[in-house]
Amino acid sequence: MSLPDDPHLPDDPHLTDLPHLPDDPHLPHLALPSSPLRVAAAQATAVPGDIAANARGAAALTARAAGEGARVVVLPELHLCGYDLTTLATHPDRCEVSADERGTVADPRLDALAGAAVSHGVTVLAGAPVRRADGTRTNSVVAFDPTGTVTVVYDKRHLWHADERGLFTSGGRDAVVLAVGGWRLGLGICYDISFPEHGRAAALAGAHVYVCPSAFAAGNEHRAEIYLAARALENTVYALFVNPVGGPPHRLCGGRTAVHGPDGRAIGRAGTSREEILLADLRPGALAEVRGFLRMLEEHRTGT
């Protein structure tokens with residue numbers, strides 16, 4: 001478990017001595033949080049096709065992260081069943097969770113993780129394949145909130161080639177923003193980070209941090225490092241890349257979970273071979289300082 005010491009971003013969370021940002025009702029995406037938020041990027045290993053076991057493991061990681069002060073815990077893409085598309089295709093009943101028309105999930109296999117969110121007063125974001133009320137299946141982020149509610153909050157917009165397109169229906173929205181502790185979390189999943197317009201849509205919707213549960217195969221993590229640094233810098237937001245370790249022998253993942261600051265610099269990175277909790281303090285002062293001289297959101301133009 002580690003907490004990055006970021007020499008590039010200000011320690012003072014207060015905004016009184018930092019550059020003024022425009023108080024403009026036409027620029028709501030520039031509004032800042034009022035206090036810091038500690039988040040935990042949980043680089044984890046999943047058991048393919050065993051939702052209950054993965055929920056218990058995620059609950060243990062959540063307890064550890066909460067013990068270090070984290071208010072938000074993020075797990076990798078499809079973590080609740082493991083990123084094993086072969087197992088998902090052949091044993092969907094073991095891998096899927098079902099959601100009603102409102103996106104609410106009620107599944108006893110998730111009780112351990114839902115209970116951990118309640119016990120520790122945290123919000124947990126975990127990837128899962130979701131069977132929707134209309135019969136479609138989505139590659140989604142499921143939120144476990146401190147009240148015990150479990151809700152599908154985002155569906156992956158950009159599916160990875162035929163591997164995923166044959167199993168999932170694409171999400172219909174680019175900009176999905178979840179409010180937690182005064183912070184606005186823009187959500188993406190893995191391949192979504194390859195598309196600059198996806199991160200920009202989240203930033204223009206008011207996101208302060210771009211959160212991307214992922215499952216980059218071992219040997220490809222360098223792409224995620226470039227993508228996340230770019231999405232953070234060009235949108236002046238924090239960015240979280242949460243990648244698993246392990247997986248099926250034909251598609252192992254090699255971690256390198258990372259957090260980038262709003263100036264694009266990496267402020268924390270996990271290793272490649274083991275479960276690890278990467279902690280990061282997100283600070284309003286850092287957003288204000290960077291946006292004081294990098295004004296892409298303020299000066300963003302559309303059309304002619």
Side-chain angles (χ1 to χ4, degrees), residues 1-4 6 9 13 32-44 55 57-77 79-80 105 110 112-128 140-154 176-189 192-193 199 202-203 205-214 228 231-232 237-244 257-262 267-270 275-284 286-287:
M1 188 177 301
S2 57
L3 180 65
D6 177 11
L9 301 178
L32 296 177
S34 60
S35 59
L37 179 72
R38 179 167 289 188
V39 300
Q43 178 170 291
L61 291 170
T62 296
R64 287 174 54 199
E68 295 292 329
R71 310 317 307 156
V72 176
V73 180
V74 185
L75 292 141
E77 178 182 14
H79 179 71
L80 293 177
V105 176
L110 302 178
L113 185 52
V118 174
S119 297
H120 299 286
V122 300
T123 297
V124 181
L125 303 177
S140 302
V141 174
V142 177
F144 298 74
D145 75 19
T147 72
T149 302
V150 182
T151 309
V152 182
V153 290
Y154 175 72
V176 174
V177 177
L178 181 68
V180 179
W183 286 73
R184 294 172 63 80
L185 282 55
L187 302 178
I189 298 175
D192 285 333
I193 68 176
H208 305 117
V209 52
Y210 188 43
V211 178
C212 299
S214 300
L228 261 292
R231 298 300 84 82
V237 297
Y238 284 95
L240 272 68
F241 166 68
V242 188
N243 209 44
T257 290
V259 181
H260 290 262
I267 61 174
R269 182 172 287 120
E275 289 197 331
E276 190 171 341
I277 296 175
L278 184 65
L279 297 170
D281 288 331
L282 311 185
R283 297 194 293 275
L287 292 171

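The heavy-atom pair separating V122 from A116 by the smallest distance is CG2-O, 4.5 Å. V177 approaches A205 most closely through the heavy-atom pair CG2-CB, 3.7 Å. Listed here is the closest heavy atom pair of G188 and Y154: CA-CE2, 3.7 Å. Contact detail for V237 and A203: the closest heavy-atom pair is CG1-CB, 4.3 Å. In terms of heavy atoms, A42 sits closest to P76 at O-CD, 3.5 Å. Nearest approach of V141 to P213, heavy atoms of both residues: CG2-CG, 4.1 Å.
No side-chain donor-acceptor contact under 3.5 Å links W183 to the backbone of S34. Between the side chain of H208 and the backbone N or O of R184 there is at least one donor-acceptor pair closer than 3.5 Å. Panel note: side chain R71, backbone G121; a donor-acceptor pair is recorded below 3.5 Å. In this structure a side-chain-to-backbone donor-acceptor pair under 3.5 Å is missing from R38 to A280. Judged by distance alone, the side chain of R283 and the main-chain N or O of L37 form no donor-acceptor pair under 3.5 Å.
Residues satisfying the side-chain contact (heavy atoms from CB on, under 4.5 Å) test with V105, not counting sequence neighbours, are V97, A99, D107, L110, V150, V152. With sequence neighbours excluded, the residues that form a side-chain hydrogen bond (donor to acceptor under 3.5 Å, both in side chains) with E77 are N139, K156. By the ring pair (Phe, Tyr, Trp, His ring centres under 6.0 Å) test, Y210 is found to be paired with H198, residues two or more places apart in sequence or in another chain being considered. Considering only residues two or more places apart in sequence or on other chains, A58 meets the side-chain contact (heavy atoms from CB on, under 4.5 Å) condition with L75, H79, L113. Applying the side-chain hydrogen bond (donor to acceptor under 3.5 Å, both in side chains) criterion to T257, with sequence neighbours excluded, gives Q43. For T149, the side-chain hydrogen bond (donor to acceptor under 3.5 Å, both in side chains) partners are T147, not counting sequence neighbours.
Between V259 and L278 the shortest side-chain heavy-atom distance falls below 4.5 Å. Between D192 and L187 the shortest side-chain heavy-atom distance does not fall below 4.5 Å. Residues E276 and R269 form no side-chain contact, since every pair of their non-hydrogen atoms from C-beta on lies 4.5 Å or further apart. At a threshold of 4.5 Å between non-hydrogen side-chain atoms, the residues D145 and V118 do not count as touching.
With values rounded to the nearest 0.5 angstrom, L185 atom CG is found 8.0 Å from L240 atom CG. With values rounded to the nearest 0.5 angstrom, F144 atom CZ is found 11.5 Å from T123 atom OG1. Taking OG of S214 as the reference point, atom CG of L228 lies at 7.0 Å (rounded to 0.5 Å). To the nearest 0.5 angstrom, E68 atom CD is 6.0 Å from L279 atom CG.
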| Hey, mind stepping through I277 and L61 against side chain to side chain contact (heavy atoms under 4.5 Å, CB included) and telling me if it holds? | CA-CA 8 Å; I277 296 175; L61 291 170; 4.0 Å; yes

| request: Could you go through the side chain to side chain contact (heavy atoms under 4.5 Å, CB included) check for V39 and V209 one step at a time? | output: CA-CA 11 Å; V39 300; V209 52; over 6 Å; no

